[in-house]
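One structure is given here, and the rest of the page talks about it.
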Amino acid sequence: MDILIIGSGGREYSIGMALKKDEKVGKLYFSTGNGATDTLGENIDITDANLLADFCEEKNIGLTIVGPEAPLVAGVVDIFKERGLVIFGPSASASRLEGSKSFMKNFLASYHIPTAKFIETTSIEDAYKFINTLEAPIVVKADGLCAGKGVIIAQSHDEAKIAVADMLSGNSFGDAGRRVVVEEFLDGYELSVFAICDGKDYIVLPAAQDHKRLLSGDIGPNTGGMGAYAPTPLINDELYKKIDERVVIPTLEGMAKEGHPFSGVLFMGIMVVKGEPIVLEYNVRFGDPECEEIMPLLKSSAFELFYRSATGTLKDIQIEFYDKFAVGVVLASKDYPYKNSIPAEIIIDDIVHDDINSNAHISFAGVSRGEDGKLYATGGRVMVCVGLGTSIKEARDRAYMMVGQVHFAGKQCRNDIAYQALS
Ligand code: AMP
Ligand code: GLY
């Protein structure tokens, strides 16, 4: 079966790599892909959802997988389903779990799913009043999608009020900030937990931990994620059970009851506070770079998992994972996350060491292919170097050996990915 993957990051690259392991999978198409996805399939220069549906009909594509949130929130799944096409991902109404923080927070409150105490409002007075009831730090979030930048952790009441005023006036995030969520700060450790859902049934994947800050030691600005690893030992069976009972099941039941059954990837950003899971946020797609570590851990067919989710047939599916760990280190361009950088040629050493050859790989993201056929780093997160091993340490060592084989001007990465698991 031929498959279309929507997206152009390392996440979509890693999904492509995983799909290709199943011989049932034929040709892959990427909309619009990146300078390296052309080694896995064909990049197509179409982004409009209706035109993509035309393309799938014309090419007889049997499954479409949506990587990023923006097309989901814009309703690509609804358009494809109306035309009888099979697509993996949630509808626009279900995607509001990510697309609108106020929808998400009200949903969590209605279904008694544990989350930080909050107010969602368009009123500056109400926001200020609520801020006065909290202790600093205080978290202020723009309601709409802000490419991961709409969250401010204010260190004082004044800073929180300024953030609210800037958002509500439209100054900081445009219309996405005209409604805000203000919430209490949760002090704990964060996990990324993913459930593949089909509206009723679900499979929880091995939990990952992301590293959101730019610099080693968890300092510097927030990013989309500078590295991740899975499975994390910071979760045990008891915590999985609590997440299942208190989060996954009520979320799927609640969404079905509200008339927005959830299918696709439910990404739960969980803060563990004194052993209790609290939902920070939902996303309606795989995390990036978490996907790049989880995909290579899948022993069963990724194709089957996605196809059965898309067709509502997950019940009784048996999914196996390798008894291994994966660590992914992001290599970002020089000016990430502030601005795009000048394209820089990527040189990858010939890998002669068998151990690295068979236990590490690269998921390419912000790269383009020059007219000279060479790969260039074109900005943002350029790639993820992924190592696999029977321990986190072994996987991490392999990932960093791979990092050492890659060169481009301005390359930046953290040197402490997975530190929480190793300390
Ligand atoms: P979000 O987009 O809601 O995931 O927020 C981005 C990041 O901000 C999260 O991954 C957390 O690191 C942090 N964050 C968000 N909400 C809170 C909170 N209530 N308490 C502490 N940290 C938070
Ligand atoms: N790595 C976190 C995210 O994709 O939002």
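Quick note: residue numbers are just sequence positions, from 1. Atoms within each ligand, like the ligands themselves, are counted from 1 in listed order. Remember, predicted model here, so these are calculated numbers, not experimental data.
- Ring geometry for F194 against F267 counts as tilted: the plane angle lies between 30° and 60°, on a 0 to 90° scale.
- In this structure, F107 and Y111 have tilted ring planes: the angle between them lies in the 30° to 60° band.
- Interface atoms of ligand 1 facing F185, defined by a heavy-atom separation under 4.0 Å, are 20 (N), 21 (C), 22 (N).
- Counting the atoms of ligand 1 from 1 in the order shown, those under 4.0 Å from a heavy atom of K101 are 2 (O), 3 (O).
- In summary, the atoms of ligand 1 found under 4.0 Å from a heavy atom of E183, numbered by their order in the structure, are 16 (N), 17 (C), 18 (C), 19 (N).
- Of all the heavy atoms in I294 and A230, the pair that sits closest is CG1-CB, 4.2 Å.
- The shortest N/O to N/O separation between G224 and ligand 2 falls below 3.5 Å.
- Between F286 and F306, the ring planes are perpendicular. Angles over 60° get that label, and only those under 30° would be called parallel.
- Proximity to M271 (heavy-atom distance under 4.0 Å) selects the following atoms of ligand 1: 21 (C), 22 (N).
- Of the residues L266, L97, V265, the one that meets the side-chain contact (heavy atoms from CB on, under 4.5 Å) test with V284 is L97.
- The nearest protein atom to atom 2 (C) of ligand 2, hydrogens excluded, is given as D210 OD2, 3.3 Å; this is a heavy-atom distance.
- Using a distance-only test at 3.5 Å, with no hydrogens or angles considered, a donor-acceptor pair links the side chain of T378 to the main chain of G366.
- Nearest-heavy-atom check against atom 3 (O) of ligand 1 across K117, K212, K141 picks out K141.
- Ligand 2 lies out of reach of A228, whose nearest heavy atom is not under 4.0 Å from it.
- Nearest to atom 5 (O) of ligand 2 by heavy-atom distance, out of R285, E290, K212, is R285.
- Within the listing of ligand 1, atoms 18 (C), 19 (N) sit less than 4.0 angstrom from a heavy atom of E184.
- Judged by a 6.0 Å distance limit and a 45° cone about the ring axis, K161 is positioned over the six-membered ring of Y128.
- Heavy atoms of L186 found under 4.0 angstrom from ligand 1 belong to the backbone as well as the side chain.
- For the pair K411 and F408, the cation-pi test (distance below 6.0 Å, angle within 45°) is failed.
- Here the two rings, on Y29 and F55, have centers that are under 6.0 Å apart.
- Within the 4.0 Å heavy-atom criterion, neither part of R11 lies near ligand 2.
- In summary, the atoms of ligand 2 found under 4.0 Å from a heavy atom of G287, numbered by their order in the structure, are 4 (O).
- In E190, the part holding a heavy atom less than 4.0 Å from any atom of ligand 1 is the side chain.
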